[in-house]
There are 2 protein chains.
Amino acid sequence: MTAKDKLTTSQITDILSKEIEDMDYSENDKFATEREIMERFSISRMTARQALNFLVAKGILYRIKGRGAFVNKRIIQRSHTIYSFTELMKERGMAAGSKLIEFKKVIPPEIARLNLAMSEGEFCYLIKRIRLADGEPYAYEIIYTPVSLVPNLDEYDLEKDSFYRILQQEYHKEFSYDKKTISAVKTDGEVSQALYNNDHAIALKILDILYDVNHNALEYAESWYHAEKYSYLSISVKK
Amino acid sequence: MTAKDKLTTSQITDILSKEIEDMDYSENDKFATEREIMERFSISRMTARQALNFLVAKGILYRIKGRGAFVNKRIIQRSHTIYSFTELMKERGMAAGSKLIEFKKVIPPEIARLNLAMSEGEFCYLIKRIRLADGEPYAYEIIYTPVSLVPNLDEYDLEKDSFYRILQQEYHKEFSYDKKTISAVKTDGEVSQALYNNDHAIALKILDILYDVNHNALEYAESWYHAEKYSYLSISVKK
DNA sequence: AACTTATAAATGTATATACAATAAATGCAA
DNA sequence: TTGCATTTATTGTATATACATTTATAAGTT
């Protein structure tokens, strides 16, 4: 192996994190030592350390002085990702689907406009869907997203496609963090009919604002989840 | 300054993070450069980098190549902490209190026993409280915690004191992560009476399991929060 | 004025080295 | 066998150095 064949640290972290997934290490399994990584990739120890540090920062590993590096619990790894409805359903072993109720350009309500940091008179896409799990109503959602951010969004099929996938892969938006406000509410009207086929039931309401790496809000969304079918899982990791 | 006077990296990170709080930098304010930190504390650049990296790992700073380090949004800093009810109320500018309903040693129900990884026949403390905000009922909570973990817990005043404070400061338990399952439920009986003074209302139910650094569960708690007064805020940061 | 180029400032990556601190394994003595 | 001391393996900390990459600014050039 010549010097030019050497991999970069980020390539090495990619290889290592894939190995953790594929060879599926169990949680708390001992991981390779700094020395092993150093020799395997022909890099200095400090560089091997840096590769390990990336995996620690990502929440994949944790380290104990004098013992080594260990694979974190799945639940902690999970806390470092942002889930779409589609991914959530996949995780729970159900088929995600949508029934599109409304999809048009609108002037957003003020609460959405302010959270999306839009100027008055600017247009949003409004996406109103009933989210289905294995064909059954699971949630009722309304998404607002600025037209300027995702022009020609109407070319996509929001019944079959994932909005988060479109944002990331088609419009190259990189998610950074999201802010969810979760409350218990009574439902009525359209929401209640869609979820329960009757009036005056209850739901878990989630208000979501998703940001990219430059602190731009990508979406403002209100969702009502079926109270019997869904509960929200929140993992807080102390740093 | 002689060599022996030199501060350790962790002392330096403490100083820097306190300065961020006290001199309260606004979000996205430019922070000191590596070179400034290096000269100020008479350390090498790599060491200054490491100090900065700690602050990045803690979610306090973020860095942009070619520009410098910047102070993260409060909301992101907050996502790296675990809140007690007491701290939550403080954050919202309300006075936290409790009305103790029940406090005794019991054999825990199976769901609590399994989540606390306890053997059969082992005893738990049961703490049943109505949580008050500015004197008004805010939540109804039941906590189970193994007697073996916190012997003589009954010496403390759970009406005035914070259980999380006692865990950390009196029993030296170090929190690592917690797992919350959040759902919308109908209330009745004791819970409904305590929160709403009537039957058949709704509440935000939070099931909480708190772990220490060795993955030992410290508490299993069920809480019912007043649906009109409380909503749960969840920040997910992508790594 | 607009564009290009050079420079400086800042973080990022990589290496080499030395020693400290912790944890587990080993060996030895009572 | 138990207890203690030693060794070994491993991560943690700190320094010095060199060059790469990105960003913003300044200086020319047209």
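Within every chain, numbering begins at 1; the chains are lettered A, B, ... in the order of the sequence lines, protein sequences first and strands thereafter. Side chains included, hydrogens not; waters and symmetry mates left out as well; all remaining heavy atoms used.
Judged by distance alone, the side chains of A/Tyr232 and B/Ser234 do bring a donor and an acceptor atom under 3.5 Å apart. With hydrogens and angles left out, the side-chain atoms of B/Glu87 and B/Ser84 include a donor and acceptor closer than 3.5 Å.
A donor-acceptor pair is defined here as one N or O able to donate and one able to accept, closer than 3.5 Å; such a pair exists between the side chain of B/Arg113 and the backbone of B/Met118.
Atom pair B/Gln50:CD and D/dT11:P shows a separation of 15 Å (rounding to whole Å applied). The interatomic distance linking A/Leu52 (CG) with D/dT13 (C1') rounds to 16 Å, in whole Å. Rounded to whole angstrom, the span from the CD atom of B/Glu34 across to the P atom of D/dT22 amounts to 16 Å. Distance, B/Ile64 CD1 to D/dT21 C1': 14 Å, rounded to whole Å. Nucleotide C/dA25 holds its C1' atom 14 Å from the NZ atom of A/Lys30, rounded to whole Å. Distance A/Ile43 CD1 to C/dG12 C1': 15 Å, rounded to the nearest Å. Between the CE atom of A/Met46 and the C1' atom of C/dT17 there is a distance of 10 Å, given to the nearest Å. Following rounding to the nearest Å, B/Phe41 (CZ) and D/dT13 (C1') show an atom-to-atom distance of 17 Å.
One finds no side-chain N or O of A/Arg35 lying less than 4.0 angstrom from the OP1 or OP2 phosphate oxygen of D/dA9. OP1 or OP2 of C/dA16 has not a single side-chain nitrogen or oxygen of A/Ser44 nearer than 4.0 Å. Phosphate proximity of C/dG12 to B/Arg49: present, with a side-chain N or O under 4.0 Å from OP1 or OP2. Under 4.0 angstrom from either OP1 or OP2 of C/dT11 there lies no side-chain N or O belonging to B/Arg67.
When distances run from any side-chain atom of A/Lys65 to the nucleotides D/dT21, C/dA10, C/dT22, the shortest one goes to C/dT22. Here the nucleotide nearest the side chain of A/Arg63, chosen from D/dT13, D/dT21, D/dG12, is D/dG12.
Within 4.0 Å (heavy atoms only), B/Thr47 reaches at least one base atom of the nucleic acid.
Using the six-membered ring where Trp is involved, B/Phe175 and B/Tyr164 have ring planes that are perpendicular, over 60° apart on the 30 and 60° scheme.
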Carefully, step by step, assess A/Leu210 and A/Leu167 under the rule side chain to side chain contact (heavy atoms under 4.5 Å, CB included). CA-CA 11 Å; A/Leu210 172 66; A/Leu167 274 179; 4.2 Å; yes
